[in-house]
Amino acid sequence: QELVSFDEAFEGSVRRFLEFARCHPNEFRLLVRAGLGVDAEAEAVLSRVRDAAGAFVLAELRATPTTYLRIALGGWLSFAESAALAWVDSLKGGDPKSEEVDDDAMLQLLVDALQPVRRAVLHAAPKERQ
């Protein structure tokens with residue numbers, strides 16, 4: 001079995017995230033917009049997905065899950081959800097001034113947005129990288 005690089009695995013995960021958002025826009029909106037306390041079951045699902053995504057990234061980057069890195073990764077996760085929500089909303093085609101952002105461009109945006117997290121891992125204090 002061939003090993004997959006972090007970049008390939010991460011890109012595949014982000015692609016599946018965007019495919020879910022595109023194919024199930026109402027469910028995606030419900031999950032992302034629901035907010036804390038609105039629906040305990042939806043919040044629990046979203047919390048598990050966020051935790052799993054964060055754990056995957058930190059494990060694949062071989063990073064100790066410090067508070068600093070969890071903050072950085074939480075920022076990326078918030079950005080990814082917000083950006084995907086805006087993207088899904090733009091796909092409805094209701095705004096004639098809004099051009100469609102294709103799937104590949106959206107994927108690249110979210111992949112590129114992880115760079116600050118990767119830099120945070122590289123620049124973590126030596127005791128945090130152990």
Side-chain angles (χ1 to χ4, degrees):
Q1 187 177 26
E2 186 177 321
L3 292 177
V4 176
S5 73
F6 168 78
D7 290 333
E8 291 171 314
F10 179 71
E11 191 172 303
S13 295
V14 173
R15 186 178 302 281
R16 286 186 298 280
F17 168 75
L18 291 172
E19 285 172 2
F20 175 81
R22 178 188 270 287
C23 294
H24 307 282
N26 294 329
E27 292 84 351
F28 182 75
R29 283 187 198 93
L30 175 68
L31 282 171
V32 176
R33 287 186 177 151
L36 291 173
V38 174
D39 182 327
E41 189 175 336
E43 184 58 33
V45 168
L46 188 55
S47 196
R48 284 194 306 273
V49 169
R50 287 173 177 152
D51 290 347
F56 165 76
V57 170
L58 292 176
E60 290 297 315
L61 292 176
R62 294 177 180 83
T64 302
T66 64
T67 300
Y68 177 71
L69 292 177
R70 282 191 293 268
I71 290 168
L73 192 55
W76 180 84
L77 288 166
S78 294
F79 170 76
E81 288 173 7
S82 179
L85 184 60
W87 176 65
V88 165
D89 287 345
S90 76
L91 296 176
K92 290 191 282 187
D95 183 0
K97 294 183 234 170
S98 178
E99 70 280 353
E100 184 167 321
V101 175
D102 70 36
D103 295 19
D104 289 335
M106 196 61 206
L107 173 68
Q108 195 60 54
L109 176 66
L110 297 186
V111 167
D112 290 348
L114 189 70
Q115 292 312 310
V117 174
R118 293 179 91 151
R119 282 193 300 278
V121 169
L122 292 174
H123 293 26
K127 67 178 180 172
E128 293 177 339
R129 286 193 286 168
Q130 299 300 318

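The analysis underlying the following values was restricted to heavy atoms, covering all of them including side chains, and did not include hydrogens, waters or symmetry mates.
- Atom CG of Leu122 sits about 9.5 Å away from atom CD of Gln115, to the nearest 0.5 Å.
- For the residue pair Gly54 and Leu73, the shortest heavy atom distance occurs at CA-CD2, 3.0 Å.
- In terms of heavy-atom proximity, Leu69 sits nearest to Ala63 at CD1-CB, 3.8 Å.
- Expressed to the nearest 0.5 Å, how far CG of Leu77 lies from CG of Leu114 amounts to 9.0 Å.
- The two residues Phe79 and Leu110 make their nearest non-hydrogen contact at CE2-CD2, 3.7 Å.
- Residue Ile71 is not grouped with residue Val117 when hydrophobic side chains (ILVMFWY) are merged at heavy-atom distances under 4.5 angstrom, including chains of intermediate members.
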Only pairs under 3.5 Å count here: list side-chain donor-acceptor contacts from residues 13-22, not counting sequence neighbours, and write none if there are none.
residue : atom : partner : partner atom : Å
Ser13   : OG   : Ala9    : O            : 3.1
Ser13   : OG   : Arg16   : NH2          : 3.3
Arg16   : NH1  : Gly12   : O            : 3.1
Arg22   : NE   : Asp103  : OD1          : 3.1
Arg22   : NE   : Asp103  : OD2          : 3.2
Arg22   : NH2  : Asp103  : OD1          : 2.5

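- Contact detail for Val88 and Phe28: the closest heavy-atom pair is CG2-CD2, 4.3 Å.
- Contact of the Met106 side chain with the Leu109 side chain is registered, since non-hydrogen atoms from C-beta on lie closer than 4.5 Å.
- Arg29 is listed as a side-chain neighbour of Asp89, based on a closest heavy-atom distance under 4.5 Å.
- Ser90 places a side-chain N or O within donor-acceptor distance of the main-chain N or O of Trp87, the cut-off being under 3.5 Å.
- For the atom pair Leu31 CG and Asn26 CG, the distance stands at 11.0 Å (nearest 0.5 Å).
- Scored by the salt bridge (Lys or Arg N to Asp or Glu O under 4.0 Å) test, Asp51 finds no partners at all (sequence neighbours excluded).
- Taking CZ of Arg118 as the reference point, atom CH2 of Trp76 lies at 11.5 Å (rounded to 0.5 Å).
- Heavy-atom minimum distance, Tyr68 versus Ala120: CE2-CB, 3.6 Å.
- Minimum interatomic distance between Val111 and Phe10 (heavy atoms only, all atoms of both residues): CA-CE2, 3.9 Å.
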